[in-house]
Amino acid sequence: MSMSNSSNIKIALDEISRGTAEIIDMERIENLVTKFYETGETYTVKAGFDPTGADLHVGHAVLFHKLSVFQKHGAIIQLLIGDFTATIGDPTGKSETRKVLDRETIVANAQTYQDQLFLLLDESKTEVVWNATWLEKLGARGMVELTTTYNVARMLERDDFEKRYKSGQSISISEFIYPLLQGYDSVALKSDIEIGGTDQKFNLLMGRHLQRVYNVGKEQAVLMMPILEGLDGVQKMSKSLNNYIGITDTPKDIYGKTLSISDELMWRYYDLLSENSLEEIEKIKNDVANGDLHPKKAKENLALELTARFYNEESAMMAKSEFDNVFKSNKIPTDIEEFEMEEGIWICKALVDAKIEPSTSQARRDIKQGGVRVNQEKVSDDKLNLTSGEYTLQVGKRKFAKVKVK
RNA sequence: GGUGGGUUACUCAAGUGGCCAACGAGGGCGGAUUGUAAAUCCGCUGACUACGUCUUCGAAGGUUCGAAUCCUUCACCCACCA
């Protein structure tokens, strides 16, 4: 028994530390996991979310995936919704004070978050908590007490504060309070471990500090995940850079976008997102390296896995066959949007109306360059008018529309 | 509060009276190649049924035959001083 336990524990710890950017107090995590395997005693892992935006992408999923790993090894996740702190605005990574959100938006965002999160997490091992619950009760006295635990000089050590202070940009006092409140959450929750992105280091460590000051009887271990690169492989995945895979993207998109990443980036995604064990990944890597496995195949598997994660096996397989149809055999996808148009419509106008071109100017250019097809045939005349009938319009490789001309 | 510098398209960044719809780079898009990968090569990149017209260079006015370029006011940013 102790033999199989110790190997289980080793596997668990390897999985937990996999892909992390930094772990503070690994020993504590080892003890917690060991205890779970020996006595069945669970422990808590806190992860906080500011319900400021609603849509999650695969970059966020790195964190959730790690949480789900923890759940397999005895953790109860404390899914902290920062409903109170969202009303303040965390300055992390921002060069200016974040705007404050109203209650309704926060609640709505939080709900959307949860819907998306439970695609990945085991709901029965998750505790959803709202920090307004205890922060509202803190009161002025408690608040002041909290501020006495830290000083301005140390607060200014935080990177973005330092930069802004030096360059003369404004820092509101409330922003100083933010890390304190986030840390206090760990006091209220008595968390054993907290996980977050590397950009959260200062705030995460504050949790340790405050747990000590408030005599919680433990200091949370901290596990930081790196920021995932987006589809371009360079910049971090974000919606504004449009290099993201959304968790709620269609199966087709998740599959397709995943296949579009570079081979190099694929390993990064494998490491941070795949359910494959470290051993299995090692094997895949070797097979690709010595030519036993085509890199494309490895990427397809990853794409299938991710698609299935957010939907199911079946949808993933469908996404794949659809994809193969369109791109391998140059067939037309099955689920193209349809439009009805008037007799004699100008081709450029039709492309715009079908939403596959942004302007008639762009449509003309694409026609000139041979990027537009009607019923699989290249169009060369940008003055073409469509007579009545049904057409499949195509721009480039991936934009399609079906058009019925009366 | 004082003095000087800045604000150009998705981003960075040239342009200081006509040759400017505005150099260049990145990004994006299209083509070739391919594994819808990467890399590479070529082309395009304000709008408009279009060899012409219209709207863009922080905002509003003005000077001029003509302005992104000159003048005035306003807004915002930066640097140095107080």
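Residue numbering restarts at 1 for every chain, and letters A, B, ... go by the order of the sequence lines.
Using a 4.5 Å cut-off on side-chain heavy atoms (C-beta onward), A/Phe310 and A/Leu120 make contact. No side-chain heavy atom of A/His60 sits less than 4.5 Å from a side-chain heavy atom of A/Met237.
The separation of B/rC23 from B/rG18, taken at their P atoms, amounts to 16 Å, rounded to a whole angstrom. Separation of the C1' atoms belonging to B/rU11 and B/rC80 is 29 Å when rounded to the nearest angstrom. Annotation: B/rA75 and B/rG26 have their C1' atoms spaced 30 Å apart (nearest Å). Comparing B/rC57 with B/rG6, their C1' atoms are spaced 14 Å from each other, to the whole Å. Nucleotides B/rA21 and B/rU53 are separated by 13 Å at their C1' atoms, to the nearest Å. To the nearest whole angstrom, the two P atoms, one in B/rA14 and one in B/rG58, are 14 Å apart. Going from the C1' atom of B/rU34 to that of B/rA38 covers 10 Å, rounded to whole Å. The P atoms of B/rU40 and B/rU56 are separated by 39 Å, rounded to the nearest whole Å.
Comparing A/Leu259 and A/Trp346 along RNA chain B, the residue whose closest nucleotide (by nearest heavy atom) sits nearer the 5' end is A/Leu259. RNA chain B is contacted by both A/Gly256 and A/Gly370; A/Gly370 maps to the nucleotide lying nearer its 5′ end (nearest heavy atom per residue).
A/Arg373 has its CZ atom 12 Å from the C1' atom of B/rG30, to the nearest Å. A/Ile261 places its CD1 atom 22 Å from the P atom of B/rU34, with the value rounded to the nearest Å. Across the protein-nucleic acid pair, A/Lys368 atom NZ and B/rC51 atom P stand 11 Å apart, rounded to whole Å. A straight line from NZ of A/Lys296 to P of B/rU34 spans 14 Å, rounded to a whole angstrom. Protein atom CZ of A/Arg398 is 12 Å distant from nucleotide atom C1' of B/rA37, rounded to whole Å. In this structure, OH of A/Tyr255 is placed 13 Å from P of B/rA37, rounded to the nearest angstrom. Regarding A/Asp232, its CG atom lies at a distance of 20 Å from the P atom of B/rC10, rounded to whole Å. When the P atom of B/rA37 is taken as reference, atom NZ of A/Lys297 falls 18 Å away, rounded to whole Å.
Residue contacts for A/Lys299: at a heavy-atom cut-off of 4.0 Å it reaches a base atom on one of the strands shown. Within 4.0 Å (heavy atoms only), A/Asp382 reaches no atom of the nucleic acid at all. No engagement by A/Lys257 is indicated, since no non-hydrogen atom pair under 4.0 Å with the nucleic acid exists.
Across every strand in view, B/rG17 sits unpaired, with no contact that passes the Watson-Crick or G-U test at under 3.5 angstrom. In this structure, B/rG24 forms a base pair with B/rC12, meeting either the Watson-Crick or the G-U wobble geometry with both donor-acceptor distances under 3.5 Å. Across all strands shown, B/rA68 forms no Watson-Crick or G-U wobble pair with both distances under 3.5 Å. Base pairing of B/rG52 is made with B/rC48, judged by Watson-Crick or G-U wobble geometry with both donor-acceptor distances under 3.5 Å. Nucleotide B/rA75 has B/rU7 as its partner under the Watson-Crick or G-U criteria, with both atom distances under 3.5 Å. Checking B/rU40 for Watson-Crick or G-U wobble geometry (two distances, each under 3.5 Å) identifies B/rA32 as its partner.
Salt bridge A/Glu15/A/Arg18: present, at least one basic N to carboxylate O contact under 4.0 Å. The existence of a salt bridge linking A/Glu300 and A/Lys297 is confirmed by a sub-4.0 Å separation between a basic side-chain nitrogen and an acidic carboxylate oxygen.
A/Tyr113 and A/Phe64 have their aromatic ring centers separated by at least 6.0 angstrom.
Figure legend: cation-pi geometry between A/Lys257 and A/Tyr244, with NZ or CZ positioned under 6.0 Å from the six-membered ring centre and within 45° of its axis.
Among B/rG35, B/rG30, B/rA50, the nucleotide with an atom closest to any side-chain atom of A/Arg364 is B/rA50.
Note on ring orientation: taking the six-membered ring where Trp is involved, the planes of A/Tyr214 and A/Tyr184 are perpendicular (angle over 60°, cut-offs 30° and 60°).
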Fill in the blank from the handout: Expected string for nucleotides 42-47 of chain B under the B/S/- scheme (protein heavy atoms, under 4.0 Å, primed atoms plus P, OP1, OP2 as sugar-phosphate) is -BSS-S

Exercise for the section: Please report the C-alpha distance between A/Asp324 and A/Ser321 in whole Å, then the side-chain angles of each, then the deciding distance to 0.1 Å, and finally whether the side-chain hydrogen bond (donor to acceptor under 3.5 Å, both in side chains) criterion is met. Expected result: CA-CA 5 Å; A/Asp324 289 346; A/Ser321 65; over 6 Å; no

Exercise for the section: For side chain to side chain contact (heavy atoms under 4.5 Å, CB included), just list the numbers for A/Tyr150 and A/Val213, CA-CA rounded to whole Å, side-chain angles, deciding distance to a tenth of an Å, and then say yes or no. Expected result: CA-CA 10 Å; A/Tyr150 222 70; A/Val213 173; over 6 Å; no

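Side-chain atoms of A/Asp263 and base atoms of B/rG35 include a donor and an acceptor less than 3.5 Å apart.
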